[in-house]
Number of protein chains: 2
Amino acid sequence: MSITSDILRGHTEAIILSHLLDQDSYGYQINKDIMKKTNNTYELKEATLYSAFRRLEQAGYIRTYWGDETVGARRRYYAITEDGRRMYHGYKKEWQEAKEMIDKLLK
Amino acid sequence: MSITSDILRGHTEAIILSHLLDQDSYGYQINKDIMKKTNNTYELKEATLYSAFRRLEQAGYIRTYWGDETVGARRRYYAITEDGRRMYHGYKKEWQEAKEMIDKLLK
DNA sequence: CAATATACCTCGCCTGTCAAGGTATATTAT
DNA sequence: ATAATATACCTTGACAGGCGAGGTATATTG
């Protein structure tokens, strides 16, 4: 595992929630967005992505539905819930604090 | 596991190396330093600490020796190596980049 | 003399990541 | 025509770091 992956570990769920704040989306799209946003520096691996979806759904932070594509491959859409939004904002706050903490600890 | 632990995951080794930059130290002391530095927000768990020491030693980033305490409990001291310093600086750079990336991904 | 502090350590579980594999449809290149 | 690539979904099993729970020994404080 690369160091970058290790640093990113644990942020996956919040990153996904962040992408659902403004509109519903689906796995493939979210992954593409992330790659684009990071100039292809970071690619969320599919297995990681889908296991995160399962956890988020289980926790009630997202709900899912199938798109009604008439052409092309089917898409499973994800929507953030109110709990999900709360979770996201809590996490973001925690991230701000953690950032300062790590900066302090790395001198 | 708390969210904080998950965010901190992977930084343990660098945090330890950081504490060894200026002087050698030992497990108990390093742990205390970390707690103090973070106003008791973050406590590196002992099991985590010692398994990190093993990894760091294995990797050649630290070397260890027993202190010559005449009173009190014995102390195992840790010293950072040149490789350890290189590793630390590389990690710190990576952290700066990762920080920006996560900020971007969390909008 | 019990409790707390200092100081070390190990075992085994838990959880998130991911390599490797799979399915199906649509488009583009040869 | 058909091979290759892109879109889109998914599961399994291994791996690694964190840590709860347990242990040892010495010194100090109430």
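Just so we're on the same page: letters track the sequence lines, and every chain starts at 1. None of the values given here were measured: they were computed from a predicted structure. Basis for what follows: all heavy atoms, side chains included, without hydrogens, waters or symmetry-related copies.
When the side-chain nitrogen and oxygen atoms of A:K32 are compared with OP1 and OP2 of D:dT7, one or more of them lie within a distance under 4.0 Å. Residue B:T12 has a polar side-chain atom (N or O) positioned under 4.0 Å from OP1 or OP2 of D:dG18. Distances shown here put every side-chain N or O of B:R75 at or beyond 4.0 Å from the OP1 or OP2 atom of D:dT26. Here B:S51 does not reach the OP1 or OP2 of C:dT10: none of its side-chain N or O atoms lies under 4.0 Å away. Put simply, A:R54 has no side-chain N or O that comes within less than 4.0 Å of OP1 or OP2 on C:dT17. Using a 4.0 Å cut-off, no side-chain N or O of A:Y50 falls inside it from OP1 or OP2 of D:dT11. Regarding contacts with the backbone of C:dC18, a side-chain N or O of A:T48 is found under 4.0 angstrom from either OP1 or OP2. The phosphate of D:dC9 (OP1 or OP2) has no side-chain N or O of A:R74 nearer than 4.0 angstrom.
Using a cut-off of 4.0 Å between Lys/Arg side-chain N and Asp/Glu carboxylate O, B:D83 and B:R86 are scored as salt-bridged.
Distance from the side chain of B:R9 is smallest for D:dG18 among the nucleotides D:dG18, C:dT10, C:dG16. Nearest nucleotide to the A:Y78 side chain, out of C:dC8, D:dG20, D:dC10: D:dC10. Checked against C:dA7, C:dC18, D:dC9, the side chain of B:Y28 finds its nearest nucleotide in C:dA7.
Of all heavy-atom pairs spanning A:R75 and A:W66, the tightest one is O-CE3, 3.4 Å.
Side-chain rings of B:Y78 and B:F53 approach one another, their centers coming within less than 6.0 Å.
The residue A:E46 sits close to a base: some heavy atom pair falls under 4.0 Å.
A:K99 and A:Q96 share a side-chain donor-acceptor pair at under 3.5 Å.
Toward the 5′ end of DNA chain C lies the nearest nucleotide of B:Y77, the other residue of the pair B:Y77 and A:L44 mapping further downstream.
Taking atom CG of residue B:D33 and atom P of nucleotide C:dT6, one finds them 13 Å apart after rounding to whole Å.
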